[in-house]
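A short worksheet on the structure shown next.
Predicted, not measured: the structure shown is a model, and the values here were computed from it.
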Amino acid sequence: MLQVLQAVAELQFSELCPLGAPFFGYFGAAVAMSMANLGAAYGTAKAGVGISGMAVTKPDLVMKALIPVVMAGVVGIYGLIVAVIISTKIGKPTDDGVKPIYSLHEGMAHLGAGLAAGLSGLAAGYAIGIVGDAGVRAVAQQPKLFVGMILILIFAEALGLYGLIVALIMSSSAGSATCQ
């Protein structure tokens with residue numbers, strides 16, 4: 001044990017590849033997953049309340065009204081995709097378990113990717129929930145509003161898709177810096 005501690009103390013890590021760099025990558029993955037799923041959960045709950053209120057008077061429209069709930073769930077999948085991509089790109093230390101191979105640049109790029117996907121997913125889920133709640137209630141009263149509700153939901157879903165696209169670009173542009 002003492003030999004391992006002496007070996008760690010003797011290593012000179014560069015500022016480009018500190019031992020704490022993977023924290024930022026893992027935090028980016030956690031933010032992508034948690035924020036996107038928070039948006040998806042809010043969207044599902046808010047739209048579900050609208051569906052429940054609408055189903056009392058028009059139970060035949062329940063299946064048609066589930067579209068906002070499905071779209072909110074897709075936002076959570078965007079966060080999952082980004083979290084998996086980020087977490088698989090985080091480099092583990094070399095065989096000795098001490099020398100890092102994951103650069104600070106990669107960690108910050110993955111943190112930014114997670115923030116982009118997570119916060120976009122949160123905004124998209126919030127928008128989908130509000131539109132879904134009001135939209136399904138309005139469609140119950142006036143069925144001609146269905147197409148308009150779907151169009152608004154598509155634009156709300158696009159917010160999450162924009163975050164996914166930016167996150168994929170950011171995580172792929174991180175590259176692999178040499179820490180040797």
Are Ile128 and Leu164 connected in the hydrophobic side-chain network, where two residues link if heavy atoms are under 4.5 Å apart?
-> no
Any sub-3.5 Å donor-acceptor pair from Lys46's side-chain atoms to Tyr126's backbone N or O?
-> no
Working to the nearest 0.5 Å, report the span between CE of Met54 and NZ of Lys64.
-> 10.0 Å
Which heavy atom of Ala124 sits nearest a heavy atom of Leu159, and at what distance?
-> CB-CB, 4.1 Å
Can you name the nearest heavy-atom pair linking Val69 to Ala47, along with the distance?
-> CG2-CB, 4.1 Å
Is Phe23 close to Ile90 at the side-chain level, that is, under 4.5 Å between some pair of heavy atoms?
-> no
When rounded to the nearest 0.5 angstrom, what distance separates OH in Tyr42 from CG in Leu122?
-> 10.5 Å
Mind checking whether Pro68 and Val136 have side chains closer than 4.5 Å, heavy atoms only?
-> yes
Backbone of Ala117 reached by a side-chain donor or acceptor of Ser120 within 3.5 Å = no
Transitive ILVMFWY side-chain link Ile152 to Ile150, under 4.5 Å | yes
Heavy-atom side-chain proximity of His110 to Phe24 below 4.5 angstrom | no
Verdict with supporting geometry, Glu106 and Ser171, side-chain contact (heavy atoms from CB on, under 4.5 Å) = CA-CA 8 Å; Glu106 290 173 302; Ser171 68; over 6 Å; no
Scanning both residues in full, the closest heavy-atom pair of Ala32 with Val82 reads CB-CG1, 3.9 Å
Exam field: side chain Asn37 to backbone Met33, donor-acceptor pair closer than 3.5 Å | yes
Between Arg137 and Val49, is any pair of side-chain heavy atoms under 4.5 Å apart?
-> yes
Would you say the side chain of Met71 lies within less than 4.5 Å of the side chain of Ile154, judging by non-hydrogen atoms?
-> yes
Does a side-chain heavy-atom distance below 4.5 Å link Val70 with Ile67?
-> no
Are there more than 12 heavy atoms of other residues, nucleotides or ligands under 6.0 Å from atom CZ of Phe27?
-> no
Assess the side chains of Glu157 and Tyr78: does a donor N or O sit below 3.5 Å from an acceptor N or O?
-> yes
